[in-house]
Structure formats: structure tokens, C-alpha cells
Q: 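Got a structure for you, questions after.
Atoms within each ligand, like the ligands themselves, are counted from 1 in listed order. All figures in this text were calculated on a predicted structure; none of them were measured in a lab.
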Amino acid sequence: MTPAAKTVPVSTGASFEVEGLTVRFGGKTAVDNVSFRLAPGEALGIVGESGSGKSTTAMGAVGLLDPETAEVETRHVRLDDMDLGKLNGKQAGVLGRRIGVVFQNPMVALNPVLTIERQLTDHMRQHLRLDARTARARALRLLGEVGITDAERRLSFYPFQFSGGMLQRITIAMALACDPELLIADEPTTALDATVQAEVVDLILSIRRSRGLSLIWITHDLALLNRIADRVAVMYAGRLVEIGPADALLDHPSHPYAAGLLASVQSLWTGGGTEFRTIEGTPPANGPDMPGCAFAPRCPRAFERCATRPPMATVPGASAHDVACWLFNSGVPA
Ligand SMILES: Nc1ncnc2c1ncn2[C@@H]1O[C@H](COP(=O)(O)OP(=O)(O)O)[C@@H](O)[C@H]1O
Ligand code: SF4
Ligand SMILES: [Mg+2]
């Protein structure tokens, strides 16, 4: 753990609260009743294997899913005291201004036929109502902040003229263009070469520190969260199965799935001929719609009670650390 990397001096970040988020695609549940909170300036890491519902959770919460295909239900989603669920289709404005998003693939966020200048300045002129000159000056400053050198010249470039790492820096600049209070980074390094990944992680962490941003970082890489997150949320088959302080959860995960993930990461760390331990089996396709614990078919500790769905409960003796597993539910023998 490197606490210094996570220290945020003065927060200008916003609190973010998601309560009872469920998302269905064509009647099939992808995310089931997920709730979490983020304090101002806090960094939450959401981890889980591919298809566990991480992106759908984040994008569903901020209104970025296509209403033609996704059915989204929430009790509420609040950014500070603004209820995003009550914006009646105006989330797009909030998204551009108060929430910035960095996607896995930079090409998703950029238009291939427009220059970087046009894309950065259009965004700022639309949301901040800046004149062309002020928007250009601000675009130059932002490119500097994300480490793009020779920014004057590069403003006139098209996306294809940049490397993957540079493009991701530019999408980070776009996400920051309107001084957001919350940054959502959805696997922002997964599509990049290994050597560039660390640079982009460092860049986002340094921006978070200097701006005091609240941060949601989505990843399938538990080890990465050691550096990034104050709190960690573990998802499995569309459900949140454990959420708690990063130090406690990463040192001693409670949920058998989280423990299995950590054991497989640790076996990679130890290396030197140690066999890579993985969790046997695969997540069930109908996980969120299963009546019981979706991890039961793979869980080495499953018992009778696991045929019914475990509710979230506080880990005994802990605070702000919850787990959805019958082993930790009081009154049930472990
Ligand atoms: N647009 C969509 N249409 C239908 N199913 C979808 C769509 N987007 C995601 N899903 C399904 O929702 C589940 C969660 O996906 P996702 O949130 O992308 O997972 P993750 O980000 O953890 O990899 C998966 O089963 C996926 O197939
Ligand atoms: S509820 Fe049962 S099956 Fe699910 S993780 Fe806990 S012990 Fe395993
Ligand atoms: Mg995803």
C-alpha cells in the first residue's frame, strides 16, 4: 500500500450515492439492486471479472445507457444534493459538466473525422458557454495538464495521428474540460500497451490529487486497486458481493469470491514456479436472476442456506465494510 499516492489535500470532489440500482437488457437482469456511496474526494474501485456488471453499474447510474435497450431502475442516484434520477433526460448536461468519463477505448470518446481542437473546444463551448478564443486557451492548458507536448501544433491533429496512449491522455483532457467533481474511469488502461498503462495510471492519480476529484475506477485487476482506491467494491454476476475500506478488504477479503480473486493475484505475485491459482468454473449466465447466492456453484464453502439469496450485512467487528454471504450473517453458523 502507498498511502501517499492516495492522499487528497483539498477536495473539490462531490459525494455520489447510488441506491438500489437495477438494470435489465431485454428482461434479463444485468445489475441487481446495487448500492454504494462515495464521500467527496474519495476513490472507489469497482472490481470483478468481465461481464460482472461493472460498466453497466457505472453507466446506468449516470444515465449513459441507451434507453432503447436498457431498463434502469433506482431508488435514487445523488451527486451531492442533485438527484440525477429526477433530471428528466437532462443528465447529458450534468455528465459533461459535473461528471467526466474515461472509457476503455479512447476511440469511443473521440470523433475520428474532427480535429482535437474542435472536439475539446466544442465540448467546452457547449457546456461552459465560452467564446472560441477562451476555449482554445483552455484546451491548450488541458493538453499540458495531461502531458501532451507541442500542444499548439497537435491541436490541429486528428485522432488517427496519435498513439493509443496519447489518445487516452486526450480523452482524459476531454473528461476534465469542464472541471468535473467526479471522474469515472472505466478500465482506462486495459486497451493500452503494458508500458503505457503505468503512465496513464500515474497521470489519472496525479490529476485526482491535484484537483481533489472523487473517483470511480473500474477494473478487473484487483492488484491495481492497492494503489488507487480508498474503498473497494467487488461485483460478481451482476451483484455487489463485498464493499469496504481498501486496506481491510484487500488484506482480508471476507467473501469467498473476493478471497479467491486475491489468492489468484497473490499466486501471480509470488511467481517463481508457484502455480497460478484460479477460481474453478465460470460465473452463471443467469447470475442476477438466480434465487440463491450466484457464487454457490463455485464456492468451496457453500452450504444449505446458500440456496437463498444472502443480503448485504456488516462484516462482524468491522465498520463501513459489508458483505453478501451467509457465512458473515449473524446467527448463521460458519
Ligand atoms: N447493451 C447491452 N445489451 C445486452 N446485454 C448487455 C449490454 N451491455 C451489457 N450487457 C450484459 O450485461 C452484463 C454486464 O456487462 P458489463 O457491465 O459490460 O460487465 P463488465 O463491465 O463487468 O465487464 C453482461 O452479461 C453483458 O452481456
Ligand atoms: S453465501 Fe454461501 S455460496 Fe455464497 S459465497 Fe457465501 S458461503 Fe459461498
Ligand atoms: Mg466493462
Q: Suppose we measure from atom 8 (Fe) of ligand 2 to each protein heavy atom; which comes out shortest, and what is that distance?
A: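 For this ligand atom, the closest protein heavy atom is C299 SG, 2.4 Å.
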Q: Does CZ in R37 sit with more than 12 non-hydrogen atoms of other residues, nucleotides or ligands closer than 6.0 Å?
A: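 No, because the 6.0 Å sphere around CZ of R37 holds 12 heavy atoms or fewer from other groups.
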Q: Quick one: nearest non-hydrogen protein atom to atom 4 (Fe) of ligand 2, plus distance?
A: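 For atom 4 (Fe) of ligand 2, the nearest protein heavy atom comes out as C293 SG, 2.3 Å.
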Q: Look at the rings of Y236 and Y257 and say which category their plane angle falls in: under 30° parallel, 30 to 60° tilted, over 60° perpendicular.
A: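 Judged by the thresholds at 30° and 60°, the geometry between Y236 and Y257 is tilted.
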Q: Going by an N to O cut-off under 4.0 Å, is there a salt bridge joining D230 and R208?
A: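 Salt bridge: yes.
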Q: Do R98 and D179 meet the salt-bridge criterion of a basic N to acidic O distance under 4.0 Å?
A: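 Salt bridge absent between D179 and R98.
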Q: Just heavy atoms, cut-off under 4.0 Å: does H255 contact ligand 2 by side chain, backbone, both, or neither?
A: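 The answer is the side chain.
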Q: Below 2.8 Å, can you find an N, O or S atom of C306 next to atom 4 (Fe) of ligand 2?
A: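 No.
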Q: Within the 4.0 Å heavy-atom shell around E49, which atoms of ligand 1 are there?
A: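 Every atom of ligand 1 under 4.0 Å from some heavy atom of E49: 22 (O).
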Q: Under a 4.0 Å threshold between the charged nitrogen and the carboxylate oxygen, would D202 count as salt-bridged to R227?
A: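 Yes, this pair counts.
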Q: For atom 27 (O) of ligand 1, is the nearest protein heavy atom under 4.0 Å away?
A: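 So far as the 4.0 Å threshold goes, atom 27 (O) of ligand 1 is out of reach of every protein heavy atom.
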Q: Identify the closest protein heavy atom to atom 6 (Fe) of ligand 2: which residue and atom is it, and at what distance?
A: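 Scanning the protein heavy atoms, the shortest distance from atom 6 (Fe) of ligand 2 goes to C325 SG, 2.3 Å.
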Q: Looking at side-chain heavy atoms only, is the closest gap between T219 and I46 below 4.5 Å?
A: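 Sidechains of I46 and T219: no contact.
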Q: For atom 19 (O) of ligand 1, which of the options S55, G53, A70 provides the nearest non-hydrogen atom?
A: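 Going through S55, G53, A70 one by one, G53 has the nearest heavy atom to atom 19 (O) of ligand 1.
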Q: From H255 NE2 over to R301 CZ, what is the distance, rounded to the nearest 0.5 angstrom?
A: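 Output value for this atom pair is 11.0 Å.
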Q: Do NZ/NE/NH1/NH2 and the carboxylate oxygens of E49 and R298 come within less than 4.0 Å?
A: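 A salt bridge links E49 with R298.
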Q: If you measure every N/O of K28 against every N/O of ligand 1, is any gap under 3.5 Å?
A: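 There is no such contact.
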Q: Report, in ascending order of atom number, the atoms of ligand 2 lying under 4.0 Å from any heavy atom of L327.
A: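 The list of qualifying atoms is 7 (S).
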Q: Below 4.0 Å from any atom of ligand 1, is there a heavy atom belonging to S50?
A: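 Contact present.
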Q: Out of T56, I218, D186, who gets a non-hydrogen atom closest to atom 16 (P) of ligand 1?
A: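 Of the listed residues, T56 has the closest heavy atom.
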Q: Could you find the nearest protein heavy atom to atom 23 (O) of ligand 1 and give me its residue, atom name and distance?
A: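 The answer is G51 N, 2.7 Å.
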Q: A30 heavy atoms, cut-off 4.0 Å: which ligand 1 atoms fall inside?
A: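 Reading through ligand 1 atom by atom, the close ones are 12 (O), 13 (C).
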Q: What do we get for A296 next to ligand 2 when only non-hydrogen atoms under 4.0 Å count, side chain, backbone, both or neither?
A: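 The part of A296 near ligand 2 is both the backbone and the side chain.
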Q: Would the number of heavy atoms belonging to other residues, nucleotides or ligands and lying under 6.0 Å from NE2 of H252 be above 12?
A: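 12 or below, so no.
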Q: Answer yes or no as to whether an N/O/S atom of Q104 is found below 2.8 Å from the Mg ion (ligand 3).
A: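 Checking the Mg ion (ligand 3) against Q104, no N, O or S atom falls under 2.8 Å.
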Q: Checking a contact table here: which protein heavy atom is nearest atom 3 (N) of ligand 1, and how many Å away?
A: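 I find the closest protein heavy atom is F25 CD2, 3.4 Å.
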Q: Is the shortest side-chain N to carboxylate O distance from R118 to D122 below 4.0 Å?
A: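 Salt bridge between R118 and D122, a charged N being under 4.0 Å from a carboxylate O: yes.
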Q: Return the closest protein heavy atom for atom 22 (O) of ligand 1 as residue, atom name and distance.
A: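 Ranking protein heavy atoms by distance from atom 22 (O) of ligand 1, first comes K54 NZ, 2.8 Å.
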Q: Which heavy atom of A39 sits nearest a heavy atom of S214, and at what distance?
A: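 Shortest heavy-atom contact: O-OG, 3.9 Å.
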Q: If the threshold is 4.0 Å, N to carboxylate O, is there a salt bridge linking E117 and R154?
A: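 Judged by the 4.0 Å cut-off on N to carboxylate O distance, E117 and R154 do not form a salt bridge.
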Q: Mark up the atoms of ligand 2 that fall under 4.0 Å of a heavy atom belonging to W326, in ascending order.
A: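 Under 4.0 Å from W326, ligand 2 has these atoms: 1 (S), 6 (Fe).
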